[in-house]
J.: 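First, the structure itself, so that you have it in front of you.
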Amino acid sequence: MKSLQQFNHWKKQVISYSKPVLKKSVWQLVNSIVPFILLWSLAYMSLSVSVWLTLALILPASGFLVRIFIIFHDCCHQSFFKGKKANEIVGTITGILTFFPFGQWKNEHSVHHATSGNLSRRGTGDIWTLTVKEYADLSGWKRLGYRLYRNPIVLFGLGPIFLFVFEYRWNRKGAKRKERLSTYFTNIMIVGLVALLGWLLGWKEVLLIQGAILYLAGAAGIWLFYVQHQFEDTYFEYENEWDYIHAAVQGSSFYKLPKWLQWITGNIGYHHIHHLVPQAPNYYLQRIHESNDLLKNVPAIGFRLSLQSLRYRLWDEDNKRFVGLRHGSRA
């Protein structure tokens with residue numbers, strides 16, 4: 001009880017100096033969207049020179065699309081601007097650029113924050129994870145399906161295609177009218193924008209450049225989301241034992257990236273801070289991390305160590321850690 005009171009007191013202090021600042025938010029919009037459009041245009045013009053030059057421009061363009069998605073993500077949390085309407089407008093626009101409907105993704109992501117690490121409430125806005133015992137009880141065909149789903153080639157190779165072409169083009173079951181309209185509007189605007197660019201610049205060129213940028217940005221986004229919660233000593237508990245603070249600090253990683261990658265990914269590597277204080281805009285996450293000695297000393301995951309997470313497929317309830325599929329087969 002005392003620790004909860006201390007946390008609430010610290011959180012109030014943090015929120016007081018971590019509210020969105022209009023100047024900072026507008027500047028982040030400029031330094032994210034303008035370079036993206038510029039790189040996209042240069043990639044188109046370079047097609048007549050060299051495909052390799054086009055690819056060299058598509059790679060950073062994909063990085064800036066990830067950065068635009070972080071702005072979209074903050075708008076979904078109502079944390080990028082003080083006003084709700086401003087967040088909705090910018091969130092809808094950045095959602096069109098990144099191919100995600102604002103209403104649907106916002107609602108799904110809020111469920112993710114409320115249930116992250118809760119074994120009793122899996123399946124919305126997360127990467128599906130089975131326990132060792134659950135996997136051992138599956139039939140052979142269902143085991144094969146899970147193995148395929150968790151295979152890196154499927155997850156990061158086919159995952160972006162599934163997200164952009166299928167999952168977020170349709171409304172989820174039980175969606176309310178406002179959410180459904182958001183999805184319809186996003187789809188119409190995407191089709192209209194692609195059609196206009198195809199008519200002006202050529203279908204083959206537009207589909208090649210936009211498709212490659214979306215695919216690479218999508219794969220990078222799935223990887224970031226994967227690493228944020230799929231690491232060896234993360235946190236999973238059933239409803240009666242689950243705790244929000246532990247799920248945030250222990251179940252969300254501090255993914256320590258080089259400064260340029262930290263910038264391009266909008267500080268999302270400070271994911272433990274984001275889950276603790278989702279009201280804070282991305283440009284304050286590092287400052288919050290450094291404001292508390294306990295948070296400053298949380299274990300960090302570097303890029304090399306993060307690659308080991310590809311082995312983790314099952315949650316071992318007995319030992320409280322991620323393990324490979326072999327453990328499930330043995331069980």
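These numbers come from the heavy atoms of this one structure, side chains and all, not from hydrogens, waters or symmetry mates.
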J.: Side-chain atoms of residues 201-219: list all donor-acceptor pairs with protein atoms under 3.5 Å, sequence neighbours left out, distances to 0.1 Å.
T.:
residue, atom, partner, partner atom, Å
Gln210, OE1, Trp40, NE1, 2.8
Tyr215, OH, Gly157, O, 2.7

J.: Tell me if the NE2 atom of His112 is crowded by more than 12 foreign heavy atoms within 6.0 Å.
T.: yes

J.: Output yes when a side-chain donor or acceptor of Ser25 lies under 3.5 Å from a complementary backbone atom of Phe80, and no otherwise.
T.: yes

J.: Sort out for me which residue in Lys320, His229, His246 forms a side chain to side chain contact (heavy atoms under 4.5 Å, CB included) with Tyr235.
T.: His246

J.: Parallel, tilted or perpendicular: which describes the rings of Trp242 and Tyr244, with under 30° parallel and over 60° perpendicular?
T.: perpendicular

J.: So, are Glu179 and Lys106 salt-bridged, with charged N and O less than 4.0 Å apart?
T.: no

J.: Once you round to the nearest 0.5 Å, how far does CG of Leu310 lie from CG of Asn151?
T.: 10.0 Å

J.: Just checking Ile153: does its CD1 atom have more than 12 heavy atoms from other residues, nucleotides or ligands closer to it than 6.0 angstrom?
T.: no

J.: Between the main-chain N or O of Phe166 and the side-chain N or O of Arg169, is there a donor-acceptor pair closer than 3.5 Å?
T.: no

J.: Tell me whether Trp263 at atom CH2 has more than 12 heavy atoms from other residues, nucleotides or ligands lying less than 6.0 Å away.
T.: yes

J.: Within a radius of less than 6.0 Å around CZ of Phe156, do more than 12 heavy atoms belonging to other residues, nucleotides or ligands occur?
T.: yes

J.: What do the steps show when you test Ile71 against Ile33 for side-chain contact (heavy atoms from CB on, under 4.5 Å), and what is the final call?
T.: CA-CA 10 Å; Ile71 294 173; Ile33 295 176; 5.6 Å; no

J.: Determine whether a donor-acceptor pair (N or O, by modelled atom type, separation under 3.5 Å) exists between the side chain of Arg180 and the backbone of Ala175.
T.: yes

J.: Side chains of Glu108 and Tyr168: any donor to acceptor distance under 3.5 Å?
T.: yes

J.: Under 3.5 Å, is there a donor-acceptor pair between the side chain of His113 and the main chain of His275?
T.: no

J.: Does Tyr135 use its side chain to pair, donor to acceptor, with the backbone of Leu314 at less than 3.5 Å?
T.: no

J.: Can any side-chain N or O of Thr94 pair as donor or acceptor with the backbone N or O of Val90 at less than 3.5 Å?
T.: yes

J.: With distance as the sole test, does Ser182 use its side chain to make a donor-acceptor pair with the main-chain N or O of Lys178 at under 3.5 Å?
T.: no

J.: Do side-chain atoms of Tyr146 reach the backbone of Leu130 as a donor and acceptor pair under 3.5 angstrom?
T.: yes

J.: Report the relative orientation of the aromatic rings in His272 and His289; use parallel for angles under 30°, tilted for 30 to 60°, perpendicular for over 60°.
T.: perpendicular

J.: To the nearest 0.5 Å, what is the distance between OG1 on Thr131 and OH on Tyr238?
T.: 4.5 Å

J.: Where does the angle between the aromatic ring planes of Phe322 and Trp315 fall among parallel (under 30°), tilted (30 to 60°) and perpendicular (over 60°)?
T.: perpendicular

J.: Nearest 0.5 Å, please: how far is CG in Asn187 from CD1 in Ile96?
T.: 10.0 Å

J.: Can a donor-acceptor pair be found, under 3.5 Å and without considering hydrogens, that links the side chain of Arg172 to the backbone of Gln104?
T.: no

J.: Apply ring pair (Phe, Tyr, Trp, His ring centres under 6.0 Å) to Trp105 and Phe69, showing your working.
T.: CA-CA 11 Å; Trp105 201 89; Phe69 176 81; 5.3 Å; yes

J.: Report, as yes or no, whether the 6.0 Å neighbourhood of atom CH2 on Trp260 holds more than 12 heavy atoms from other residues, nucleotides or ligands.
T.: no

